[in-house]
Amino acid sequence: MNRIEEQARYFRNIPLRDRSIKAVVHLEDAEDKLFWNNQLQKAFSGKYLFIPYSKNQKGNDVHGCEQCLRYKAYLTKTFFICIDSDLRQLKGEEGLTAESLIAQTYAYSWENHFCEAEHLQERFEELVPNSDFDFQVFLRKLSAVIYKPLLYLVQYSQSSELNQQWNITRFNSCLPLQPSRDELADNGSAYIERVKLLFEAALQNLQQPENMVNEHLDDANAYLHIQGHQLYKLVLHIGTMLCKRTRVAFKTDILDKSLHTDGYLEINSVQADLSKITSKE
């Protein structure tokens with residue numbers, strides 16, 4: 001028996017020894033717990049034991065998505081994994097399903113869900129009602145600009161040769177994370193224009209992929225599929241500037257208060273998968 005199988009057997013037996021625990025859940029990292037526990041409590045409330053890392057074949061402590069996926073063959077109702085989708089869903093990677101006892105974010109990562117436009121704006125308006133900035137308008141415009149570059153990224157990432165020409169690092173370089181206060185006027189129009197020009201310059205010498213359609217992606221939800229910590233940093237920077245002199249701490253009072261479990265396709269999909277995984281059937 002290899003080390004992964006041995007650990008899987010140990011993890012899935014924990015709820016059999018301690019009936020107060022519904023399941024053991026392997027996450028990519030400890031910071032993922034807030035999001036996944038909130039989602040699991042909605043799907044099937046109870047006590048879950050979260051494992052943020054485990055040992056690889058060499059006996060070293062390892063975290064991350066790849067470590068979670070090493071357990072694919074050994075998952076049960078009492079031991080399953082919750083991972084960030086990254087670009088896997090958009091690239092059509094197979095086997096990442098509730099039937100396989102794998103839950104995923106359906107956005108690049110959990111951070112994208114914290115920045116979901118409609119709920120973010122609702123939380124912002126509640127505490128900063130007199131602001132002239134609308135996150136929903138801003139993120140909708142940003143999403144439209146990054147949609148095409150993201151389609152390129154999905155296609156180019158499937159070839160090591162093409163990936164050298166257009167990759168996440170180059171994509172991120174076109175998305176400055178600290179717009180100035182002046183660029184936030186008119187819901188960030190000047191910043192959006194700057195980002196648009198940066199992407200246009202970056203893509204101008206690249207050959208357009210043959211397939212410019214993705215069933216999971218459109219110009220309205222593209223922002224949910226860019227690297228989550230980049231989006232989070234951008235929104236945090238903007239929100240912190242907007243909350244200056246308001247006695248509102250944007251990060252703790254607004255951004256990290258993301259507890260919604262329904263209301264848009266990606267989070268509804270998370271809930272549907274968790275409901276299947278935690279069901280008694």
Side-chain angles (χ1 to χ4, degrees), residues 27-36 52 63-69 82-93 96 103-117 119-120 135 138-160 162-179 188 191-192 194-196 198-203 206 209 214 216-240 251 255-256 258 264-267 269-270:
L27 305 177
E28 293 188 23
D29 209 330
E31 64 181 7
D32 300 8
K33 179 180 175 181
L34 176 64
F35 173 80
W36 284 112
H63 57 78
C65 188
E66 293 306 320
Q67 178 67 3
C68 290
L69 291 173
C82 294
I83 62 173
D84 290 336
S85 295
D86 296 339
L87 292 178
R88 291 179 176 85
Q89 181 201 16
L90 300 185
K91 290 161 66 174
E93 185 169 326
L96 305 182
Q104 61 174 307
T105 52
Y106 289 94
Y108 193 98
S109 67
W110 59 266
E111 288 101 328
N112 301 77
H113 287 289
F114 279 48
C115 302
E116 190 274 325
H119 291 85
L120 174 62
F135 278 101
F138 170 75
L139 288 169
R140 185 179 69 239
K141 290 180 178 178
L142 179 65
S143 196
V145 167
I146 63 181
Y147 171 58
K148 180 179 175 181
L150 186 55
L151 283 171
Y152 271 66
L153 183 61
V154 173
Q155 293 297 318
Y156 272 61
S157 67
Q158 304 198 49
S159 158
S160 57
L162 289 175
N163 195 232
Q164 294 177 14
Q165 300 175 42
W166 187 239
N167 49 49
I168 283 182
T169 300
R170 295 191 177 193
F171 181 99
N172 288 342
S173 70
C174 297
L175 194 65
L177 301 182
Q178 296 187 328
Y191 172 77
I192 298 292
R194 176 156 68 111
V195 171
K196 180 182 177 183
L198 285 170
F199 274 119
E200 286 177 351
L203 295 182
L206 299 180
N214 189 295
H216 304 294
L217 197 62
D218 56 46
D219 61 2
N221 74 358
Y223 76 102
L224 291 175
H225 294 278
I226 66 173
Q227 209 162 37
H229 63 262
Q230 295 293 106
L231 179 64
Y232 184 94
K233 288 177 183 176
L234 172 62
V235 169
L236 175 59
H237 176 78
I238 293 171
T240 301
K251 183 179 188 301
L255 186 53
D256 289 350
S258 173
Y264 57 101
L265 176 63
E266 290 78 9
I267 205 70
S269 297
V270 171

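In what follows, every heavy atom counts, from backbone to side chain, and hydrogens, waters and symmetry copies are set aside. Please read all numbers here as calculations on a predicted model, not as lab measurements.
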Practice problem: Would you please test Asn112 and Tyr106 for side-chain contact (heavy atoms from CB on, under 4.5 Å) and show each step? | Solution: CA-CA 10 Å; Asn112 301 77; Tyr106 289 94; over 6 Å; no

Quiz prompt | Which atom of Gly188 lies closest to which atom of Phe138, heavy atoms considered | solution = CA-CD1, 4.1 Å

Quiz item: Considering all heavy atoms of both residues, which atom of Tyr156 and which atom of Leu162 are nearest to each other, and what is their separation?
Solution: CD2-O, 3.2 Å

Quiz item: Going by heavy atoms in the side chains, are Asn214 and Leu150 under 4.5 Å from each other?
Solution: no

Exercise. Drop me the distance from Glu93's CD to Asp86's CG, to the nearest 0.5 angstrom.
Key: 9.5 Å

Practice problem: With side-chain contact (heavy atoms from CB on, under 4.5 Å) as the test, would you mind laying out the steps for Cys115 and Leu255 before giving the verdict? | Solution: CA-CA 7 Å; Cys115 302; Leu255 186 53; 4.1 Å; yes

Without placing hydrogens or testing angles, list every side-chain donor-acceptor pair under 3.5 Å for residues 170-178, not counting sequence neighbours.
residue	atom	partner	partner atom	Å
Arg170	NH1	Gln165	O	3.1
Asn172	ND2	Ile168	O	3.4
Asn172	ND2	Gln227	OE1	2.7
Ser173	OG	Arg170	O	2.6

Quiz item: How many angstroms lie between atom OG of Ser258 and atom NE2 of His119, to the nearest 0.5 angstrom?
Solution: 8.0 Å

Quiz item: Say you draw a straight line from CH2 of Trp36 to CD of Glu28; how long is it, rounded to the nearest 0.5 Å?
Solution: 9.0 Å

Quiz item: Which atom names give the shortest non-hydrogen contact between Ser109 and Gly228, and what distance separates them?
Solution: OG-CA, 3.3 Å

Quiz prompt | side-chain contact (heavy atoms from CB on, under 4.5 Å) assessment of Gln89 paired with Gln104 | solution = CA-CA 9 Å; Gln89 181 201 16; Gln104 61 174 307; 3.9 Å; yes

Quiz item: Are the aromatic rings of His225 and Tyr147 close, with centres under 6.0 Å apart?
Solution: no

Quiz prompt | Atom pair CG (Leu87) and CG (Leu153), whose distance is rounded to the nearest 0.5 Å | solution = 5.5 Å

Practice problem: Name all residues meeting the side chain to side chain contact (heavy atoms under 4.5 Å, CB included) criterion together with Lys251; count only those two or more places apart in sequence or in a different chain, and write none if there are none. | Solution: Tyr232, Leu236, Asp256

Quiz prompt | NZ (Lys91) with more than 12 external heavy atoms under 6.0 Å | solution = yes

Quiz item: So, do Tyr223 and Arg140 sit near enough that their side-chain heavy atoms are less than 4.5 Å apart?
Solution: no

Quiz item: Judged by modelled atom types alone, do Ser160 and Asn163 share a side-chain donor-acceptor pair under 3.5 Å?
Solution: no

Quiz item: Of the non-hydrogen atoms in His63 and Pro52, which two are nearest, and what is the gap between them?
Solution: CB-O, 3.3 Å

Quiz item: So, Tyr264 and His113: side-chain donor and acceptor under 3.5 Å apart, yes or no?
Solution: yes

Exercise. Compare all side-chain heavy atoms of Asp219 with those of Ser143 and state whether any distance is below 4.5 angstrom.
Key: no

Practice problem: Kindly say whether Pro179 contributes a backbone atom to a donor-acceptor pair with the side chain of His237 at under 3.5 angstrom? | Solution: yes

Practice problem: Could you check if a side-chain atom of Glu266 sits within less than 4.5 angstrom of a side-chain atom of Asn221, using non-hydrogen atoms only? | Solution: yes

Exercise. Specify the closest pair of heavy atoms between Ala107 and Leu224, including all atoms of both residues, with the distance to one decimal.
Key: CB-O, 3.1 Å

Exercise. Check step by step if side-chain contact (heavy atoms from CB on, under 4.5 Å) holds for Leu231 and Tyr108.
Key: CA-CA 10 Å; Leu231 179 64; Tyr108 193 98; over 6 Å; no

Self-check item: Least distance between heavy atoms, Asp84 atom then Cys65 atom
Solution: O-SG, 4.3 Å

Exercise. Indicate the ring-plane relationship of Phe114 and Trp110, choosing parallel, tilted or perpendicular according to the 30° and 60° boundaries.
Key: perpendicular

